[in-house]
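Some notes on the structure that comes next.
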Amino acid sequence: MTEQELDDLRARIRVIPREEHRISRKDISDNALKVLYRLKNAGFEAYLVGGGVRDLSLGREPKDFDVVTDARPEDVRDLFRNCRLIGRRFRLAHVHFGREIIEVATFRALHDPESVDAEGDVEMEDGRILRDNVYGSVEEDAFRRDFTINSLYYNIADFSVVDFANGLDDLDEGRVRLIGDPATRYREDPVRMLRAARFAAKLGFRIDADTGAPIPEMAGLLDHIPQARLFDEIMKLFMAGVATETYAILRRYGLFSHLFPQADEALDGDKGEVWDVFILRALENTDRRVNEGKPVTPAFLFAALLWPSVSERAEEFAQDTEVSPAQALQEAMAEVVERQLERVAIPKRFSIPMREIMLLQSRLERFRGKRARRLLGHPRFRAAYDFLLIRAAAGDAPQELADTWTRMQDADGTGEADGAAAAEAPRRRKRRRRRGKSGRASPETPE
Ligand code: ATP
Ligand code: MG
């Protein structure tokens, strides 16, 4: 950043005294307050910053509280017994209070995005510049941040809020706006494009025109982001209870195709409308569960985002070759997942159940009778069945098939049937078994 740019930014700094803002100590976690006070009492500057201040200003409950200070990590460690330093070059202090961790960062000057969010061992190409510039003043720290609404600092010394970039106006007007020149800021860190979409969806804000304009043509820069970082970002985008809105924004700005290129192709293809409904339903399902506080697995989400391409590819395999539908599905899945992994690192603990959910679709389509009932006990049955319901709702599977599995669970007492229905189960199961034997189409090809 040039001196001129810095001067322009400095001219806009506003300090809002305690009486004129809505951040109250009673809304800040006790542990964060403890950290702030102890730093202050030791003679350091200390501020609450980032999402915590933003969310409190909006009257929302923050996810976590981050602290910045002019104290060096070693100073912080000396002040807190329950403190661990993480990262090699960009050291951050984590102060542990049971399950709550307060992250304490020393003011930084560089636009070194990778180092911002506590990843730890991040290497920069140019170590020399980094060593010269790693620490800075509070204002340098503020200008290095991405959006104006993320650059509000709550000062423990006098309980004022320092607004470095007109963030409060943007909060009032519901606007996501980058600090500085948008194209430059995206070049420094393309993930900021995804973050713009994330905050717009999460807060119900719009992306400011200048901030949004360069995104479609710069979206391709995401192709060079490490797969593991994209995975982390996708989790934040899709697991926060606003996945449907996020999806719409990502599509609108041409970002989605760089995260899930194969899904994007399928959405543009002949069956595009079915897939759009299918993905939307899956995301709605995830959002509903998140908002009800139920557990959600990324496996289901990734299965849904890959299924359109897997399903289409499997059909091609089945036509071209002699393979069984189950084999075709298996091969299609291997191919599609491999291509997706070039883009996004999906950890095995999610990719394994993700594959199972998809593979089970072919069993749900083919199994009848005894094998079907055995399938009810499969650890991934429930997820695969939910998946089938969504396919049916989107027109990708016969509704009749989904209904059959619903009845089967009622009969078995494994479904979400109420007590009365469950008590009836043995009788109904018997009847169904007989029907099963009397020869429904049931090609039980083994997998
Ligand atoms: P959330 O509530 O979703 O965690 P957040 O604003 O706290 O939102 P984080 O990803 O936790 O977001 O980042 C904390 C702060 O660090 C941000 O508010 C922002 O000031 C800064 N920051 C994070 N990532 C970047 C980035 N890529 N470029 C610039 N600043 C960033
Ligand atoms: Mg945060």
Side-chain angles (χ1 to χ4, degrees), residues 1 9 27-29 32 47-69 87 90 92 94 100-120 122 124 136 138-154 161-168 170-171 176-205 211 215 218 221-222 224-226 229-243 245-246 290:
M1 209 174 283
L9 289 167
D27 298 325
I28 301 172
S29 100
Y47 299 85
L48 200 65
V49 70
V53 187
R54 179 195 65 222
D55 291 348
L56 287 179
S57 301
L58 288 169
R60 300 167 68 108
E61 196 183 327
K63 220 171 56 188
D64 44 38
F65 292 95
D66 295 333
V67 168
V68 279
T69 178
F90 307 97
L92 291 168
H94 274 182
E100 188 178 17
I101 297 176
I102 306 297
E103 187 177 296
V104 184
T106 305
F107 298 143
R108 292 210 199 104
L110 257 193
H111 283 208
D112 52 355
E114 311 267 66
S115 71
V116 172
D117 44 5
E119 237 73 288
V122 185
M124 294 286 285
V138 61
E139 64 188 34
E140 285 169 315
D141 189 82
F143 301 147
R144 151 198 85 95
R145 290 178 187 270
D146 46 10
F147 302 103
T148 63
I149 55 173
N150 287 346
S151 203
L152 297 164
Y153 288 60
Y154 175 81
V161 167
V162 190
D163 181 356
F164 282 92
N166 285 5
L168 287 172
D170 288 333
L171 276 187
V176 175
R177 191 164 59 87
L178 273 169
I179 299 172
D181 172 56
T184 309
R185 303 305 311 273
Y186 294 140
R187 232 171 284 121
E188 285 170 0
D189 180 14
V191 169
R192 290 176 182 145
M193 294 185 272
L194 298 177
R195 290 175 57 86
R198 174 154 82 85
F199 293 121
K202 165 175 165 155
L203 305 171
F205 282 18
T211 294
I215 297 181
M218 297 187 80
L221 293 177
L222 288 173
H224 310 295
I225 299 297
R229 187 162 180 225
L230 280 189
F231 173 78
D232 290 345
E233 218 43 51
I234 286 172
M235 286 299 94
K236 294 184 198 164
L237 285 165
F238 288 104
M239 305 295 278
V242 286
E245 183 54 21
T246 304
V290 170

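We count residues from 1, following the sequence as given. Order of appearance sets the numbers: ligands from 1, and atoms from 1 within every ligand.
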Would you call [X] a ligand 1 contact, heavy-atom distance under 4.0 Å?
X: Arg54; result: yes
X: Arg185; result: no
X: Val191; result: no
X: Phe147; result: no

Select one of side chain, backbone, both or neither to describe which atoms of [X] lie under 4.0 Å from any atom of ligand 1, heavy atoms only.
X: Arg144; result: backbone
X: Asp146; result: both
X: Lys63; result: side chain

- Query: Can Tyr47 and Asp141 be counted as having a side-chain donor-acceptor contact under 3.5 angstrom?
  - Reply: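 No pair is found: no donor N or O on one side chain lies under 3.5 Å from an acceptor on the other.
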- Does Phe199 have its ring centroid less than 6.0 Å away from the ring centroid of Phe205?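 Aromatic pair excluded; centres sit 6.0 Å or further apart.
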- Query: Any ion pair linking Lys202 and Asp55 (charged N to carboxylate O, less than 4.0 Å)?
  - Reply: yes
- Message: Taking the basic N atoms (NZ, or NE/NH1/NH2) and the acidic carboxylate oxygens, is any pair closer than 4.0 Å for Asp146 and Arg195?
- Response: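 Yes, Asp146 and Arg195 are salt-bridged.
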- Item | Distance (rounded to the nearest 0.5 Å) between Asp163 CG and Ile149 CD1 |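 Here the interatomic distance stands at 11.5 Å.
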- Message: Please report the interatomic distance CZ(Arg185) to CZ(Arg145), rounded to the nearest 0.5 Å.
- Response: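 These two atoms lie 11.0 Å from each other.
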- Message: Quick test of your reading of the structure: of Glu233, Glu188, Arg229, Arg195, whose heavy atom lies closest to atom 9 (P) of ligand 1?
- Response: Arg195
For [X], take its heavy atoms, then give the atoms of ligand 1 lying under 4.0 Å from any of them.
X: Lys202; value: 1 (P), 2 (O), 3 (O)
X: Asp189; value: 26 (C), 27 (N)
X: Phe199; value: 6 (O), 8 (O), 12 (O)
X: Gly51; value: 5 (P), 6 (O), 7 (O), 18 (O)

- Counting both backbone and side chain atoms, is some N or O of Gly50 under 3.5 Å from an N or O of ligand 1? no
- Message: So, regarding Arg198 and ligand 1 (criterion: nitrogen or oxygen to nitrogen or oxygen, under 3.5 Å), is there a contact or not?
- Response: yes
- With Ser57 via side chain to side chain contact (heavy atoms under 4.5 Å, CB included) - residues at least two apart: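 Once residues adjacent in sequence are excluded, the partners of Ser57 under the side chain to side chain contact (heavy atoms under 4.5 Å, CB included) criterion are Ile23, Val53, Leu152, Leu168, Leu171.
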- Message: So Arg187 and Met218, do their side chains get closer than 4.5 Å, heavy atoms only?
- Response: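 When only atoms from C-beta onward are counted, Arg187 and Met218 do touch, with a gap below 4.5 Å.
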- Close side-chain approach of Val67 and Leu48, heavy atoms under 4.5 Å: yes
